[in-house]
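For reference, the structure discussed in these notes is given below.
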Amino acid sequence: MLTIRSHQLGVFEEAQAQHFLLHLMAHVRTHFPEEVGALDDALLRARIEQGVRQGHALGLETRRDLSRFINLLVASDWEFARAPEHAWMKDYLEDPGVSSPSVRLERLVQEFIRRGELEARNAVLREEFGQ
């Protein structure tokens with residue numbers, strides 16, 4: 001019979017967490033090159049670690065949810081919780097009317113995409129009208 005001690009389990013969990021951080025770093029470098037290009041690996045890692053902690057504080061636990069949360073952080077300049085123009089995002093994540101953190105995140109992602117599409121459409125129209 002194999003017995004896994006709590007210390008051994010902790011080492012395994014830490015290794016998994018480090019692997020996940022490396023995965024997130026590679027992901028944002030691939031999908032958000034302009035947003036993170038100026039960040040060295042140490043600063044990028046620190047920002048992602050902070051983002052994961054923020055996600056956990058909001059009740060996000062799955063890797064999928066945490067990955068999506070990091071995507072939102074990168075796409076909104078990392079500090080949406082403090083930026084007045086992104087206050088609406090925090091409201092979505094803390095909505096007391098929605099009990100599931102995953103559902104709150106999903107609602108935020110959909111609204112973020114909708115607003116991005118609207119902004120892009122408006123930019124095209126402004127250009128067409130010479131503004």
Same cluster (ILVMFWY, side-chain, under 4.5 Å), V103 and L105
no

Approximate separation, where rounding is to 0.5 Å, of Q50 CD and R47 CZ:
8.5 Å

Would the distance check show the side chain of R29 and the main-chain N or O of V36 forming a donor-acceptor pair, the cut-off being under 3.5 Å?
yes

Can we say R104 and E94 salt-bridge, meaning some charged N sits less than 4.0 Å from an Asp/Glu carboxylate O?
no

Could you label the plane-to-plane angle of the F112 and W88 rings as parallel, tilted or perpendicular, counting under 30° as parallel and over 60° as perpendicular?
parallel

Here the gap from L24 atom CG to N71 atom CG, rounded to the nearest 0.5 Å, amounts to 8.5 Å

Tell me the closest heavy-atom pair linking L60 and S102, and the distance in Å.
CD2-N, 4.3 Å

Do the side chains of E111 and R114 get close enough for a salt bridge, i.e. N-O under 4.0 angstrom?
yes

Check the pair E106, Q110 against side chain to side chain donor-acceptor pair (under 3.5 Å), reporting the backbone distance first and the verdict last.
CA-CA 6 Å; E106 176 60 28; Q110 293 308 314; 2.8 Å; yes

In short, I70 meets V52 closest at the heavy-atom pair CD1-N, 3.9 Å

Would you name the heavy atoms of F69 and G55 that are closest together and state the gap between them?
CE2-N, 3.5 Å

What distance separates S76 OG from L108 CG, expressed to the nearest 0.5 Å?
8.5 Å

Spacing of L93 atom CG and Q54 atom CD [to the nearest 0.5 Å]
10.0 Å

CD/E85: more than 12 non-hydrogen atoms of other groups inside 6.0 Å
yes

Measuring from L44:CG to F32:CZ, what's the distance to the nearest 0.5 Å?
11.5 Å

Can you confirm whether or not the ring centre of H31 sits under 6.0 Å from the ring centre of H27?
yes

Non-hydrogen atoms of R63 and Q16 that approach each other most closely:
NH2-O, 3.3 Å

Heavy atoms, side chains only, cut-off 4.5 Å: are I113 and E117 in contact?
yes

Just wondering, do R107 and V98 contact through their side chains at under 4.5 Å, heavy atoms?
yes

Considering all heavy atoms of both residues, which atom of M25 and which atom of D41 are nearest to each other, and what is their separation?
CE-O, 3.5 Å

D95 bridged to K90 by N-O distance under 4.0 Å
no

Using a 6.0 Å cut-off, check whether atom CZ of R115 has over 12 heavy atoms from anything other than its own residue.
yes

Which heavy atom of T62 sits nearest a heavy atom of D65, and at what distance?
OG1-N, 3.0 Å

I would like to know whether R121 and L118 meet side-chain contact (heavy atoms from CB on, under 4.5 Å); could you show each step before the answer?
CA-CA 5 Å; R121 233 180 7 252; L118 181 61; 3.3 Å; yes

